[in-house]
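Here is the structure we will look at.
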Protein chains: 2
Amino acid sequence: MANEGVVAKGIARREEILEIALDVFARSGYRGTSLREVAEIAGLTQAGLLHHFGTRENLLVEVLRRKEQLGREEHPDVAGTPYGLSAALRNNTSTPGLVELHSVLATQAADESHPAHEYFTERYANMRARLSADLRRRASAGEFDSRIDPDRLATILVALADGLQVQWMLDGSIDMSAHFDELLGLLRADTAGPPVA
Amino acid sequence: MANEGVVAKGIARREEILEIALDVFARSGYRGTSLREVAEIAGLTQAGLLHHFGTRENLLVEVLRRKEQLGREEHPDVAGTPYGLSAALRNNTSTPGLVELHSVLATQAADESHPAHEYFTERYANMRARLSADLRRRASAGEFDSRIDPDRLATILVALADGLQVQWMLDGSIDMSAHFDELLGLLRADTAGPPVA
DNA sequence: GTCTATAAGTCGATAGAC
DNA sequence: GTCTATCGACTTATAGAC
């Protein structure tokens with residue numbers, strides 16, 4: 001079928017546009033980015049852009065999914081572990097725009113009427129659940145301080161990662177992964193506890 | 001002078017409007033709130049509102065200063081200490097709108113062109129400096145784990161507080177201050193270290 | 001101090017030609 | 001698949017009457 005080539009081309013173009021939209025939203029956030037701005041940079045008109053995604057909200061969701069997918073492809077080995085969070089922080093240093101995209105949207109999505117509210121609610125719940133399970137295993141193996149509940153520690157570590165990103169965005173000299181790793185070191189069972197003497 | 005009464009009335013009206021603007025911004029954030037929305041709720045027109053504050057950005061800055069002032073009046077005793085952060089988190093539970101205002105604006109202000117960029121940069125630097133000094137004193141007094149640098153711990157605790165707010169906004173069942181206090185407990189010198197046996 | 005009126009611009013979305 | 005053209009609604013800000 002000669003049709004397949006045409007469809008593939010259409011999909012490729014859509015992916016191309018999505019990549020550009022990711023960059024633009026990353027720079028300007030949800031409410032600060034217009035369809036016209038994305039379209040112009042992608043080399044088409046606003047109407048042409050809507051042909052591919054239907055509505056603005058639809059485009060936003062697609063952008064978020066693409067971002068998640070990129071993150072998963074980056075560090076598949078440590079996904080769902082505290083070291084995965086640390087690696088993500090280290091990696092985020094090279095993509096400040098995406099950090100801003102995530103932070104801005106995650107806070108704006110607190111509003112239940114926000115189109116990405118459900119997306120973020122589920123994302124955080126999943127992240128905590130997977131991290132908690134991993135921490136529980138590590139505590140059983142004697143790797144981590146077992147005085148704290150894995151569920152609680154998971155929430156704390158995710159919060160620490162998010163909060164470090166906020167401060168890093170405002171002051172780029174802050175070393176996110178170094179701070180994260182330092183707390184992590186204090187919570188490892190083999191190093192926990194102050195010097196006895 | 002009969003003039004004084006008139007001026008006082010004008011100031012009172014301005015304060016009244018500011019209080020309303022605080023609520024509205026708290027609900028919808030900076031970019032999501034129009035002057036007309038604030039004006040309508042305050043019982044005047046958009047032009048009347050601008051008479052008091054000149055520009056939209058100016059109103060925003062006034063709202064932020066007012067918010068800071070309210071926070072300082074709340075817990076003057078523990079200001080600049082880790083217990084102050086904990087108290088703030090406990091208090092924030094009753095004002096979700098203000099939590100959203102802070103989080104949304106702090107992340108949006110990462111953009112250097114944002115009208116509140118400098119405000120937040122300075123605010124975080126000040127908070128870290130004051131908290132760090134307090135932690136240093138407490139470490140010297142043997143109250144806190146001294147294996148971690150006070151500067152680093154200050155950054156970590158501020159980040160934890162911010163990150164917990166993000167997760168709480170998305171899932172109100174998360175107990176912010178409980179999580180914060182739990183980590184704090186592990187970092188106190190008199191409780192640090194895992195059970196020996 | 002507050003109003004009406006309006007300038008000058010943005011936005012998302014749709015219709016219809018090609 | 002992309003375009004032009006356009007709609008209706010919204011925005012901040014200003015000018016000038018009262």
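Below, read A as the first sequence line, B as the second, and so on, with proteins coming before strands; counting in each chain starts at 1. Side chains are part of it too, since the values below use all heavy atoms of this structure and drop only hydrogens, waters and symmetry mates. Computed from a predicted structure; not experimentally measured.
Here A/R188 does not pair with A/D181 in a salt bridge; the nearest charged N to carboxylate O distance is not below 4.0 Å. At a threshold of 4.0 Å, the pair A/E143-A/R137 does not count as salt-bridged, since none of the basic side-chain nitrogens sits closer than that to a carboxylate oxygen. Looking at A/R65 and A/E68, no side-chain N of the basic residue comes within less than 4.0 Å of a carboxylate O on the acidic one, giving no salt bridge.
Protein chain A contacts DNA chain D over a range whose 5' and 3' limits, counting nucleotides with an atom under 4.0 angstrom from a non-hydrogen atom, are D/dG1 to D/dT6.
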Worked verdict on A/R90 versus A/S86 for side-chain hydrogen bond (donor to acceptor under 3.5 Å, both in side chains): CA-CA 6 Å; A/R90 220 172 304 120; A/S86 176; 3.1 Å; yes
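The closest side-chain donor-acceptor pair between A/D134 and A/Y83, if any, does not fall under 3.5 angstrom.
Summarising the geometry, the separation between CZ on A/R36 and C1' on C/dC11 is reported as 7 Å, rounded to the nearest angstrom. Per the geometry, CG belonging to A/L49 stands 12 Å off C1' belonging to C/dA13, to the nearest Å. Distance A/E40 CD to C/dT10 C1': 14 Å, rounded to the nearest Å. As a whole-Å value, the separation of A/L59 CG from C/dC11 P is 14 Å. Distance B/Q46 CD to C/dA7 C1': 12 Å, rounded to the nearest Å.
The heavy-atom pair separating B/A79 from B/R130 by the smallest distance is CB-NH1, 4.3 Å. Taking each heavy atom of A/V104 and A/T107 in turn, the nearest pair found is O-OG1, 2.9 Å.
Residue contacts for A/R13: at a heavy-atom cut-off of 4.0 Å it reaches the sugar-phosphate backbone alone, with no base atom in range. As judged by a 4.0 angstrom heavy-atom cut-off over every strand, A/S34 is placed among residues touching the sugar-phosphate backbone only. In this structure, B/L50 reaches the bases: a heavy-atom distance under 4.0 Å links it to at least one base atom across the strands shown.
Within residues 14-23 of chain A, no residue has a heavy atom under 4.0 Å from DNA chain C.
Side-chain contact check for B/F180 versus B/L85: some heavy-atom pair is nearer than 4.5 Å.
Ring-centre distance between B/H102 and B/F25: not below the 6.0 Å cut-off.
Nearer to the 5' terminus of DNA chain D, by closest-nucleotide assignment, is the contact made by A/H52 (compared with the other of A/H52 and B/E57).
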